[in-house]
Amino acid sequence: MSFMNEILAANIPIRDECAATYFVTELQTGSLPLDIFREYIIQDSSDARLVSLCELQAIRQAVSIPIVVIGGINREIAALFPGMGIDGLAVISAILTRPDIRLEASELIDIFNHAKSSNHVE
């Protein structure tokens with residue numbers, strides 16, 4: 001058995017316990033109330049560490065793997081990342097704190113994709 005398979009096998013019981021929690025089961029079925037989901041996600045974001053754009057550029061230059069940024073993403077800065085070679089955005093508060101989550105997500109996707117097509121970096 002490979003090292004990775006050993007790790008996965010050893011953690012199956014933990015994964016199964018996590019998957020059986022109220023939050024996850026309700027989320028999977030679509031029955032988790034939106035206000036509970038919002039509260040959970042927003043309070044969880046307080047543990048993040050801010051990385052400057054200079055640090056982010058240095059990381060991009062140092063690694064060749066895809067980079068997805070999360071935290072503090074909004075309409076104003078979403079267009080900055082494709083020009084830096086960032087591959088994607090993970091947004092939470094930027095959409096969950098808005099009245100129309102789908103509209104905000106769609107607009108952020110459009111902003112990012114437009115910037116990505118006009119600032120393509122290899």
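Sequence positions, counted from 1, serve as the residue numbers for this chain.
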A.B. asks: Is there side-chain contact between Q57 and M84, with heavy atoms separated by less than 4.5 Å?
C.D. replies: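 Contact flag for Q57/M84 side chains = yes.
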
A.B. asks: Looking only at atom types and distance, does a side-chain atom of E55 sit under 3.5 Å from a main-chain N or O of S52, one as donor and one as acceptor?
C.D. replies: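 The answer is yes, because a donor-acceptor pair under 3.5 Å joins these two groups.
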
A.B. asks: Determine whether a donor-acceptor pair (N or O, by modelled atom type, separation under 3.5 Å) exists between the side chain of R98 and the backbone of E104.
C.D. replies: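 Checked: no pair found.
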
A.B. asks: Quick one: does D100's side chain have a donor or acceptor within less than 3.5 Å of a partner on L103's backbone?
C.D. replies: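 Here the side-chain-to-backbone pair exists.
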
A.B. asks: Enter the distance from S106:OG to I101:CD1 here, rounded to the nearest 0.5 Å.
C.D. replies: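 Those atoms lie 13.5 Å apart.
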
A.B. asks: Out of D87, I59, L89, which one pairs with V69 under the side chain to side chain contact (heavy atoms under 4.5 Å, CB included) rule?
C.D. replies: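 That would be L89; it is the only one of D87, I59, L89 passing the side chain to side chain contact (heavy atoms under 4.5 Å, CB included) with V69.
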
A.B. asks: For the CD1 atom of I65 and the CD1 atom of I67, what is their distance to the nearest 0.5 Å?
C.D. replies: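 Here the rounded value is 6.5 Å.
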
A.B. asks: Between L53 and L80, is the side chain to side chain contact (heavy atoms under 4.5 Å, CB included) condition met? List the steps.
C.D. replies: CA-CA 9 Å; L53 291 177; L80 295 175; 4.0 Å; yes

A.B. asks: Using modelled atom types and a 3.5 Å cut-off, is there a donor and acceptor pairing between side-chain atoms of R102 and backbone atoms of A105?
C.D. replies: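 Side chain of R102 to backbone of A105, a donor-acceptor pair under 3.5 Å: no, none is there.
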
A.B. asks: Are I95 and F112 linked, directly or through other ILVMFWY residues, by side chains that come within less than 4.5 angstrom of each other?
C.D. replies: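 In one cluster: yes.
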
A.B. asks: Do V91 and I70 make a side-chain contact, defined as non-hydrogen atoms from C-beta onward lying under 4.5 Å apart?
C.D. replies: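 V91 does not reach I70 side chain to side chain.
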
A.B. asks: Is there a side-chain contact between I86 and V68, using heavy atoms and a 4.5 Å cut-off?
C.D. replies: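 The answer is no; the side chains never approach within 4.5 Å.
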
A.B. asks: Distance check, rounded to the nearest 0.5 Å: I73 atom CD1 versus I77 atom CD1?
C.D. replies: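 Separation between the atoms: 4.5 Å.
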
A.B. asks: Check side-chain hydrogen bond (donor to acceptor under 3.5 Å, both in side chains) between N74 and all other residues, then give those that pass, not counting sequence neighbours.
C.D. replies: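 In terms of side-chain hydrogen bond (donor to acceptor under 3.5 Å, both in side chains), with neighbours along the sequence ignored, N74 is linked to no residue.
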
A.B. asks: Would you say that L32 contacts Y22 through its side chain, given a criterion of any heavy-atom pair below 4.5 Å between the two side chains?
C.D. replies: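 A side-chain contact under 4.5 Å exists here.
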
A.B. asks: Do you know the tightest heavy-atom contact between L108 and A78?
C.D. replies: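 For L108 and A78, the tightest heavy-atom pair comes out as CD2-CB, 4.0 Å.
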
A.B. asks: NE2 of H114 to CD1 of I109: how many Å apart, nearest 0.5 Å?
C.D. replies: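 If we round to the nearest 0.5 Å, H114:NE2 and I109:CD1 are 15.5 Å apart.
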
